[in-house]
Number of protein chains: 2
Amino acid sequence: MKSDIDALMQEKNLDAVMIVGHAEHNSYMYYFVGGGHVSHAALIKKRGEEPVLFCSDMERGEAARSGLKIIPFTKYGGTELLKKAGGNLALKKAMDYQAMFTDLGITKGRVGLYGVYDVGTILSYLAHFKTLMPEVELVGEEKDGAVIVRAMETKSQQDVERIRRMGGITTEVVRRVAEYLMDRDVREDEVLLKADGSPLTIADVKTKINLWLTELGAENLEDCIFAIGGDAGLPHSIGNPKDLLRLGQTIVFDIFPCEKGGGYFYDFTRTWSLGYATPEAQELYDQVHEVYEKVVDNLDLNTPFKDYQRMTCEYYESKGHKTPLNTNDPTEGYVHSLGHGVGLNIHERPSSHLAAGPDHILKPGVVFTLEPGLYYPERGMGFRIEDTYWMNPNGTVEKLAEFPYDFVLKMTKWKKK
Amino acid sequence: MKSDIDALMQEKNLDAVMIVGHAEHNSYMYYFVGGGHVSHAALIKKRGEEPVLFCSDMERGEAARSGLKIIPFTKYGGTELLKKAGGNLALKKAMDYQAMFTDLGITKGRVGLYGVYDVGTILSYLAHFKTLMPEVELVGEEKDGAVIVRAMETKSQQDVERIRRMGGITTEVVRRVAEYLMDRDVREDEVLLKADGSPLTIADVKTKINLWLTELGAENLEDCIFAIGGDAGLPHSIGNPKDLLRLGQTIVFDIFPCEKGGGYFYDFTRTWSLGYATPEAQELYDQVHEVYEKVVDNLDLNTPFKDYQRMTCEYYESKGHKTPLNTNDPTEGYVHSLGHGVGLNIHERPSSHLAAGPDHILKPGVVFTLEPGLYYPERGMGFRIEDTYWMNPNGTVEKLAEFPYDFVLKMTKWKKK
């Protein structure tokens with residue numbers, strides 16, 4: 001939680017943290033600012049002190065909504081500084097940083113640097129900054145261990161309620177999609193039809209998903225996964241927009257929207273087969289569902305997340321599938337990790353990777369996904385089930401949104417001959 | 001254009017360029033890959049050679065859609081490499097980079113590094129990479145001069161048609177908003193009402209905007225600006241969601257959506273006053289409109305963009321307003337630059353800033369905005385007019401979407417008493 005940051009900074013020997021970039025779609029800045037059109041911004045927090053938000057004059061109104069202490073960049077010269085820098089934008093920005101640090105009394109020490117930003121640009125700033133303030137070391141921390149990411153790992157009750165609300169929106173959209181699909185007319189060749197009689201494509205379904213999300217105040221920052229057949233067998237295939245919806249094929253529907261403007265995410269997956277399932281697909285689905293239930297039944301406070309990845313691998317291997325436990329980087333069978341933390345980032349701590357460090361545990365306050373799958377692209381099928389869970393500090397595990405686990409969706413206007 | 005990249009690399013003495021990050025919402029990667037769910041990716045292009053896209057196995061299907069040569073990271077060891085790195089994710093990634101460069105025959109020289117990425121993470125990779133491959137220098141170029149940004153500055157006919165299509169979508173949404181507002185009932189105190197009789201808020205209007213954009217296949221990556229009264233006087237205020245829509249107040253509506261999935265942007269602004277305008281607001285609006293027309297009438301091939309910023313400032317100063325020409329960083333009057341390039345980034349080259357370099361000219365193929373404004377937050381008003389233009393290589397200037405410049409929107413169900 002945010003209140004852990006000072007201790008984490010101490011542990012990493014950081015005197016301050018600095019965040020650069022937009023407040024939207026940049027979880028580091030969003031964490032402190034709470035979104036809004038603050039696009040030319042920087043935030044500095046000294047250890048043990050409140051953060052200060054530096055902004056453009058044009059965005060002072062937006063910045064003020066954050067409730068943070070605000071300083072406009074123009075305090076340090078703006079146009080004058082650009083002239084001093086001979087029009088060199090990178091040097092000017094480094095001079096801004098120098099003035100900001102000096103103003104806050106930071107003239108030496110280690111400062112952690114965070115944000116989602118233009119990589120070339122930040123490197124060009126840092127090259128100048130090194131010359132201007134050689135005694136202030138700007139340190140890059142790998143995301144997994146970065147102090148802000150570690151603080152984000154445990155959620156406050158308020159954070160959890162926002163994620164739960166996103167869970168409600170996500171499952172409502174999924175419910176509407178299921179209902180829409182089940183209600184379609186079906187052509188002789190088992191292709192689903194739109195109301196106008198033309199074949200229903202993945203692109204059509206995605207348009208509906210996006211409209212429903214927008215209506216409910218959420219957004220797909222990245223396109224969701226709605227993949228049928230062989231594409232369902234590639235975990236990150238988002239589906240071919242032109243593919244037709246057909247009966248009896250596996251559909252992986254993985255949807256991970258966030259609050260409009262880049263807030264909290266939810267992550268959710270169901271696998272469906274419309275009308276009927278082939279016996280082979282039903283058997284594999286049942287295995288995915290079985291191991292999913294097994295993991296859920298065994299979840300326990302403060303257990304290393306990767307213990308459940310191992311449990312999943314062992315189960316699958318007992319059924320004859322390849323997994324990362326005994327195969328390096330398998331491309332069929334079970335090919336990924338069991339889950340990941342979710343918050344202002346769609347993927348964050350803790351990690352369930354078999355190589356994850358010992359601090360990736362299901363500690364009080366983490367919000368995480370469970371998403372075992374099976375992938376056989378060459379057999380034209382793939383499967384995944386995913387929900388988002390909260391480790392309540394009281395030790396109980398809460399699923400943040402309910403949705404049925406039916407594999408076969410019954411078509412209301414179609415019967416098997 | 002893309003075909004300029006090799007010459008630009010030569011000019012900057014770069015032996016290769018490397019791009020990191022997602023294909024969506026990362027213009028550098030999108031420029032080569034064309035979008036899609038390619039999130040764990042890197043692209044390397046040697047000078048004079050075709051680019052190579054490195055991807056995760058999970059995303060090999062998505063990556064293949066780009067038509068580029070694909071190499072999965074697992075070619076270099078994947079899990080094995082992570083073990084060699086002792087589980088250190090940053091070192092593992094640096095080892096990936098080393099293997100990729102070596103595989104492409106790059107063992108020394110200067111490589112430009114680009115992409116929108118987690119800053120701390122990339123710095124942690126670079127720290128290890130420096131040790132592994134001291135003879136390969138990864139160079140950060142400030143955005144304004146970066147070779148890929150400079151290549152993007154001039155658009156192909158195909159790029160322009162995509163921007164023009166976004167212009168059509170944008171103006172269609174604006175038309176729907178205008179029609180919706182004009183059709184409202186108005187309360188005694190000049191507040192607009194929704195169909196259910198409750199007051200219409202900015203949040204309500206934004207929900208409609210987002211739905212219409214989604215329906216038409218576009219997205220607001222950042223929230224659009226729909227700001228009334230004093231907020232309209234702050235150029236980047238997106239508007240207070242709870243503000244009510246009222247007659248006779250200036251509304252700045254600045255909308256800059258992109259193709260769904262992070263493609264081409266369009267940028268557009270109108271200022272409206274519903275029902276009637278105060279004489280003071282009408283006079284200021286007329287000035288903005290007049291200088292806008294003056295600039296458009298004078299646009300000429302190969303002219304420095306900032307010449308028109310100067311023209312705008314001189315006009316405004318003749319009317320008694322502060323501008324950046326003779327006031328450093330004004331906070332009222334005319335407070336920003338005249339326009340900017342638009343493409344896969346909402347702000348790109350050329351720049352119209354008075355301090356912009358001599359190469360920011362309206363050369364053949366640039367797409368740019370013109371957006372003069374006036375801002376008086378303390379008088380409760382602001383104004384801006386903006387369209388997006390293309391400098392056709394034949395020397396003619398084309399506005400990429402038409403929309404009327406009416407300031408007062410006539411309310412169909414309300415008459416001034």
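Because the structure is a prediction, the values reported are computed rather than measured. Chain A is the first sequence line, chain B the second, and so forth, proteins listed ahead of strands; every chain is numbered from 1.
- At a threshold of 4.5 Å between non-hydrogen side-chain atoms, the residues B:Asp57 and A:Val335 do not count as touching.
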With a cut-off of 3.5 Å and sequence neighbours excluded, list every side-chain donor-acceptor pair involving residues 222-231 of chain A.
unit_1: A:Asp223; atom_1: OD2; unit_2: A:Lys206; atom_2: NZ; d: 3.4
unit_1: A:Asp231; atom_1: OD2; unit_2: A:Asn240; atom_2: N; d: 3.4

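- With respect to chain B, the highest number of heavy-atom pairs below 4.5 Å among A:Thr214, A:Asp329, A:Val116 belongs to A:Asp329.
- Of the residues considered (A:Gly78, A:Gly115, A:Gly217, A:Ala127), A:Gly115 shows the highest number of contacts with chain B, using heavy-atom pairs under 4.5 Å.
- Closest of all the heavy-atom pairs between A:Lys83 and B:Asn328 is NZ-OD1, 4.2 Å.
- With chain B as partner, the option from A:Asp144, A:Leu126, A:Asn210 having the largest number of non-hydrogen pairs under 4.5 angstrom is A:Asn210.
- The nearest pair of heavy atoms linking A:Ala90 to B:Glu142 is CB-CG, 3.9 Å.
- For A:Ala355 against B:Leu82, the heavy-atom pair with the smallest separation is CB-CD2, 3.6 Å.
- A 4.5 Å side-chain heavy-atom check between A:Thr331 and B:Met58 finds every atom pair outside the cut-off.
- For A:Pro377, the part lying under 4.5 angstrom from a heavy atom of chain B is the side chain only.
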| task | Please report the C-alpha distance between A:Leu221 and B:His25 in whole Å, then the side-chain angles of each, then the deciding distance to 0.1 Å, and finally whether the side chain to side chain contact (heavy atoms under 4.5 Å, CB included) criterion is met. | result | CA-CA 9 Å; A:Leu221 184 55; B:His25 305 130; 4.0 Å; yes
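- Looking at B:Val119 and A:Ile19, their side chains never come closer than 4.5 Å, going by heavy atoms from C-beta outward.
- Heavy atoms closer than 4.5 Å to chain A are found in both the backbone and the side chain of B:Asn220.
- Going from atom CG of A:Leu89 over to atom OG of B:Ser351 covers 8.0 Å, rounded to the nearest 0.5 Å.
- Residues B:Gly140 and A:Ser124 approach most closely at O-CB, 3.8 Å, considering heavy atoms.
- In this model, a donor atom of one side chain and an acceptor atom of the other lie less than 3.5 Å apart for A:Tyr28 and B:Asp118.
- Around atom NZ of A:Lys260, more than 12 heavy atoms belonging to other residues, nucleotides or ligands sit under 6.0 Å away.
- Using a 4.5 Å cut-off between heavy atoms, B:His347 makes no contact with chain A at all.
- Only the side chain of A:Ser39 has a heavy atom closer than 4.5 Å to any heavy atom of chain B.
- Interface residue A:Ile122: only side-chain heavy atoms are found under 4.5 Å from chain B.
- Of the atoms belonging to B:Glu24, it is side-chain heavy atoms, and not backbone ones, that fall under 4.5 Å from chain A.
- In this structure, the side chains of B:Ser237 and A:Arg65 come closer than 4.5 Å at one or more pairs of heavy atoms.
- Listed for the A:Thr121 side chain is a donor-acceptor partner under 3.5 Å among the backbone atoms of B:Lys143.
- Using cut-offs of 30° and 60° for the angle between ring planes, the B:His37 and A:Phe256 rings count as perpendicular.
- Only the side chain of A:Glu62 comes within less than 4.5 Å of a heavy atom in chain B; its backbone stays farther off.
- Across B:Leu211, B:Leu123, B:Ile238, the residue that shares the most heavy-atom pairs under 4.5 angstrom with chain A is B:Ile238.
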